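All remarks here apply to the structure that follows.
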Amino acid sequence: MSKPKFQTPTGMHDILPHNQAYYDKIYDAIKKVSSFYDFEKIDTPILEDFNLFTRSIGENTDIVEKEMFTLRTKGKDFLALRPEGTAPIMRSYIENGFVSLPQPVRLWYFGPFFRYEKPQSGRFRQFHQFGIEIIGEKDAIVDAQSILIMYSVLQELGLKNIIVKINSIGDDKCRPIYRKELVKYLREKKSSLCSDCQKRIKTNPLRVLDCKNDKCKEVLLGAPQSVDYLCDECKKHLKDVLEYLDELKIPYCLDSKLVRGLDYYTRTVFEIESTREESCGVALAGGGRYDNLAKALGGGEIDACGAAAGIERIIGEMKENKVKMPLGQVPEVFFTQIGPLAKKKSLSTLEELRKAGFQVGESFGKDGLKAQLGKASRLGVKAVLILGQKEALNDKILIRNMQTSKQVEVNQKDIVKELKQILKEK
Ligand code: HAM
């Protein structure tokens with residue numbers, strides 16, 4: 001077969017019917033867990049002012065430099081398809097005066113995001129995330145709670161063998177000291193770094209830490225580590241988060257190279273990964289604390305923490321883990337019709353049954369009884385309704401109990417009552 005003329009854009013996919021149940025299951029899981037913890041749902045627009053992301057994620061990050069889908073509107077606004085949800089939610093918090101609500105404000109979200117990345121396994125240009133944000137709280141307990149919620153949702157979805165990687169990148173007080181030491185070290189090794197990292201020494205030296213290039217990885221073995229430069233407050237904050245995780249028995253490992261690809265983080269950063277060999281190193285979820293984001297967007301001093309998870313990556317893991325999915329709605333009754341008058345009455349009869357709560361199958365395009373019954377038996381329904389020409393004329397209908405093969409004629413007005421009775425019979 002030749003290629004169809006039109007296909008989905010590179011890195012974007014249809015969510016086909018057979019995959020919809022995964023999205024529904026994930027939606028239900030995050031909704032259930034976040035509602036328990038008193039989160040409220042928020043939706044922000046798919047498009048935002050381009051500068052919202054340069055100010056928050058940072059100009060010298062991969063997302064802003066290489067991965068934004070942008071457009072200029074007819075009114076000359078410069079917009080971007082949202083690559084992530086934290087900056088839009090903080091924009092909304094400031095714009096809607098949520099600061100005057102009791103703090104912290106807890107929000108959750110679910111939806112599509114866009115990054116112009118090189119498509120590969122688990123990396124798409126349109127993907128979906130669910131996320132949580134706890135805005136207006138500086139206590140380390142909410143860092144641990146963000147991790148707990150992400151971890152619990154992944155567990156509820158049947159993912160086994162997952163681990164949290166965690167690090168602290170300090171705050172405005174201690175990070176500059178660490179940054180200086182790191183730059184000093186990287187400058188000495190500059191010639192051994194990849195060309196991207198050579199530039200990053202000046203623009204974003206912390207990003208060198210998670211470069212995947214083998215040469216850079218080797219250089220980084222001896223690099224100074226952020227945890228050794230934390231000020232007393234940041235050290236205590238990290239210690240508190242880890243103690244909560246110990247108490248929760250959530251498996252974690254300290255990862256000194258974890259810095260994350262967004263500039264807005266302070267102190268805690270974390271990712272959750274599967275420990276399956278083939279998926280190692282691919283984050284299912286990521287997040288952290290971002291106490292400076294509100295200020296960067298023109299709000300006040302607002303401490304916050306949160307996380308987001310990649311839905312397509314989770315679905316991949318659910319499939320690998322052979323997570324059982326619920327079957328779709330299976331009809332318990334099948335409706336058949338023979339003759340023009342019966343066919344005319346069939347839509348209204350079916351609608352009556354739907355309103356009464358029955359799950360009913362039909363095959364309206366087929367007029368022969370044999371073909372209709374064939375479909376009924378393939379579905380394994382408990383009862384078949386037969387509306388023939390004679391029954392249609394007399395306001396009657398036949399109900400065949402498929403388990404006992406007994407058939408009764410009932411008045412059409414009694415169909416709901418009679419059908420309920422037959423479905424109860426063994
Ligand atoms: P992020 O680490 O950039 O963080 O994305 C979160 C998750 O989205 C990743 O762990 C991954 O599972 C998924 N993801 C990211 N890019 C792609 C892609 N191209 N294709 C498929 N999945 C992808 C954030 O977005 C932050 N806003 C998280 C956060 C919330 N931090 C604080 N609050």
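First listed ligand is number 1; within each ligand, the first listed atom is number 1. Here the structure is a predicted model, which means the values were calculated and not measured.
At least one heavy atom of Arg260 sits closer than 4.0 Å to an atom of ligand 1.
Between Ala309 and ligand 1, no N or O atom pair is found at a separation short of 3.5 Å. An N or O contact shorter than 3.5 Å links Ala307 to ligand 1 by distance. Distances between N or O atoms of Gly85 and those of ligand 1 include no value under 3.5 Å. The shortest N or O to N or O distance between Phe124 and ligand 1 is below 3.5 Å. Polar contact check, Gly310 against ligand 1: a nitrogen or oxygen pair lies under 3.5 Å apart.
In summary, the atoms of ligand 1 found under 4.0 Å from a heavy atom of Ala285, numbered by their order in the structure, are 10 (O). For ligand 1, the atoms closer than 4.0 angstrom to any heavy atom of Glu133 are 30 (C), 32 (C), 33 (N).
Note that CD of Glu273 is 8.0 Å distant from SG of Cys253, once rounded to the nearest 0.5 Å.
Shortest non-hydrogen contact noted between Phe98 and Val105 is O-CG2, 3.8 Å.
For the pair Lys180 and Tyr229, the NZ or CZ position fails the cation-pi test of under 6.0 Å to the six-membered ring centre and within 45 degrees of the ring normal.
Distances from atom 7 (C) of ligand 1 to the heavy atoms of Glu67, Gln129, Glu117 show the closest one on Gln129.
With a 4.0 Å cut-off on non-hydrogen atoms, Arg115 touches ligand 1 through its side chain and not its backbone.
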